[in-house]
**Q** 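Questions regarding the structure given below will be posed in turn.
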Amino acid sequence: MLRRGPLNEETGASMAEIDLPERLRDLPGTELTAGSISIPASEAAMLTEALGTETPADELHPVYAYLATQRGIGMSVREVCALADFDIDDGPMLGSVEFGYQAPMRADTDYGVEGTILGITRKQGRGAGVFDLLDFEERLIGDGGETIASARLSFVLPRKDLS
């Protein structure tokens, strides 16, 4: 089923939502394979220097909400995309990222990393063809089970075979 969406105010293009195959409709709520990470203080210092910023001596730069969760989750980008029946060789794109910070991230600290698929939507654009938006969240977890930081990501998965 095709549902015509509103016009994009910036481009004037309209997007249409397309129903997903049943298997993909069940994807939201799927837990990603958990992992763990510890960022060495020496690495954190090099990144801070390269970015030309300052952070308190024992804290990680805020960009680690993305870097630590991506590196620490127990799955590769290829494996996450495969959950959506997408071959990474077809060129996924990063659509959006939103960070959340609940407590300072610290160097030389062991963290768990967990993640969840939040949603998947199939759309069709006049120029872009058919693509899926895969939304998921990865969380940096402290030793007490609390979320320290999170990254909500949206991958754009072009469906060349459907365009």
Side-chain angles (χ1 to χ4, degrees), residues 1-37 39 43 47-48 50-53 55 60-103 105 111-141 146-163:
M1 180 175 168
L2 183 69
R3 293 180 298 279
R4 183 66 56 196
L7 287 179
N8 179 313
E9 292 179 16
E10 291 179 22
T11 66
S14 73
M15 292 287 175
E17 268 190 35
I18 303 170
D19 283 338
L20 290 165
E22 187 172 336
R23 192 189 104 51
L24 295 182
R25 281 184 251 147
D26 294 335
L27 200 54
T30 300
E31 297 295 321
L32 303 180
T33 303
S36 62
I37 193 164
I39 305 296
E43 177 189 322
L47 177 72
T48 299
L51 294 174
T53 62
T55 57
L60 296 174
H61 188 279
V63 76
Y64 275 105
Y66 175 74
L67 297 175
T69 56
Q70 280 285 284
R71 287 173 41 198
I73 196 73
M75 303 176 75
S76 66
V77 171
R78 180 178 295 279
E79 292 168 318
V80 172
C81 289
L83 291 174
D85 295 334
F86 184 79
D87 185 340
I88 197 169
D89 294 334
D90 288 338
M93 295 171 276
L94 184 59
S96 65
V97 179
E98 180 182 320
F99 301 121
Y101 305 98
Q102 289 71 38
M105 298 174 286
Y111 292 107
V113 182
E114 299 174 352
T116 308
I117 301 292
L118 301 174
I120 185 166
T121 307
R122 180 158 292 170
K123 296 189 176 220
Q124 182 171 2
R126 287 187 186 147
V130 178
F131 59 94
D132 292 345
L133 295 175
L134 177 65
D135 300 314
F136 60 101
E137 180 180 57
E138 296 173 334
R139 299 171 299 282
L140 202 61
I141 306 297
E146 72 283 8
T147 298
I148 303 298
S150 60
R152 293 181 87 140
L153 304 135
S154 179
F155 282 179
V156 179
L157 310 176
R159 298 294 187 171
K160 296 173 186 173
D161 57 325
L162 300 176
S163 292

**Q** From Phe136 CZ over to Ile117 CD1, what is the distance, rounded to the nearest 0.5 angstrom?
**A**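 These two atoms lie 6.5 Å from each other.
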**Q** Test Thr116 against Glu31 for side chain to side chain donor-acceptor pair (under 3.5 Å), laying out the working first.
**A** CA-CA 4 Å; Thr116 308; Glu31 297 295 321; 3.2 Å; yes
**Q** Would you check if the side chain of Gln70 reaches a backbone N or O of Leu67 as a donor-acceptor pair within less than 3.5 Å?
**A** no
**Q** Would you mind reporting whether Lys123 and Leu133 have side-chain heavy atoms less than 4.5 Å apart?
**A** yes
**Q** Quick one: are Pro62 and Tyr101 in side-chain contact, heavy atoms under 4.5 Å?
**A**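 Yes, their side chains come closer than 4.5 Å.
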**Q** Are Tyr64 and Glu43 linked by a side-chain donor-acceptor pair shorter than 3.5 Å?
**A**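 A donor-acceptor contact under 3.5 Å links the two side chains.
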**Q** Supply the atom-to-atom distance Cys81 SG to Met75 CE, rounded to the nearest 0.5 angstrom.
**A** 9.5 Å
**Q** Side chains of Leu32 and Glu114, heavy atoms from C-beta outward: is any pair under 4.5 Å?
**A** no
**Q** Which value, rounded to the nearest 0.5 Å, describes the distance between Met105 atom CE and Leu60 atom CG?
**A** 5.5 Å
**Q** CG of Asp26 to CD1 of Ile120: how many Å apart, nearest 0.5 Å?
**A** 11.5 Å
**Q** Between Ala149 and Ala65, which heavy-atom pair has the shortest distance, and what is it?
**A**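 In this case the closest contact between Ala149 and Ala65 is CB-CB, 4.0 Å.
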**Q** Any heavy-atom pair between the side chains of Arg139 and Val113 that's under 4.5 Å?
**A** no
**Q** Verify whether one side chain among Gln102 and Thr147 offers a donor that lies under 3.5 Å from an acceptor in the other.
**A**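 There is no such pair between these side chains.
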**Q** In the structure I gave you, are the side-chain heavy atoms of Ile73 and Ile37 within less than 4.5 Å of one another anywhere?
**A** no
**Q** Identify every side-chain donor-acceptor pair in residues 151-159 under 3.5 Å, counting partners at least two apart or on other chains, and give the distances.
**A**
unit_1, atom_1, unit_2, atom_2, d
Ser154, OG, Asp135, OD1, 2.9
Arg159, NE, Asp132, OD2, 2.7
Arg159, NH1, Asp85, O, 2.8
Arg159, NH2, Ala84, O, 2.5
Arg159, NH2, Asp132, OD2, 2.7

**Q** Calculate, to the nearest 0.5 Å, the distance between atoms NZ and CG belonging to Lys160 and Asp87 respectively.
**A** 9.5 Å
**Q** Could you tell me if the side chain of Ile141 sits less than 4.5 Å from the side chain of Tyr111, heavy atoms only?
**A**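 Contact flag for Tyr111/Ile141 side chains = no.
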**Q** Take Asp19 and Arg122 through the test side chain to side chain contact (heavy atoms under 4.5 Å, CB included) and record every step on the way to the result.
**A** CA-CA 7 Å; Asp19 283 338; Arg122 180 158 292 170; over 6 Å; no
**Q** Nearest 0.5 Å, what's the CZ-CZ distance between Arg78 and Phe86?
**A** 10.5 Å
**Q** CD of Glu22: more than 12 outside heavy atoms within 6.0 angstrom?
**A** no
**Q** State, yes or no, whether a side-chain contact exists between Leu134 and Val80 at a heavy-atom distance under 4.5 Å.
**A**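 They are in contact (side-chain heavy atoms under 4.5 Å apart), so the answer is yes.
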**Q** Would you check if Ile88 and Val77 make a side-chain contact, meaning some heavy-atom pair closer than 4.5 Å?
**A**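 In contact.
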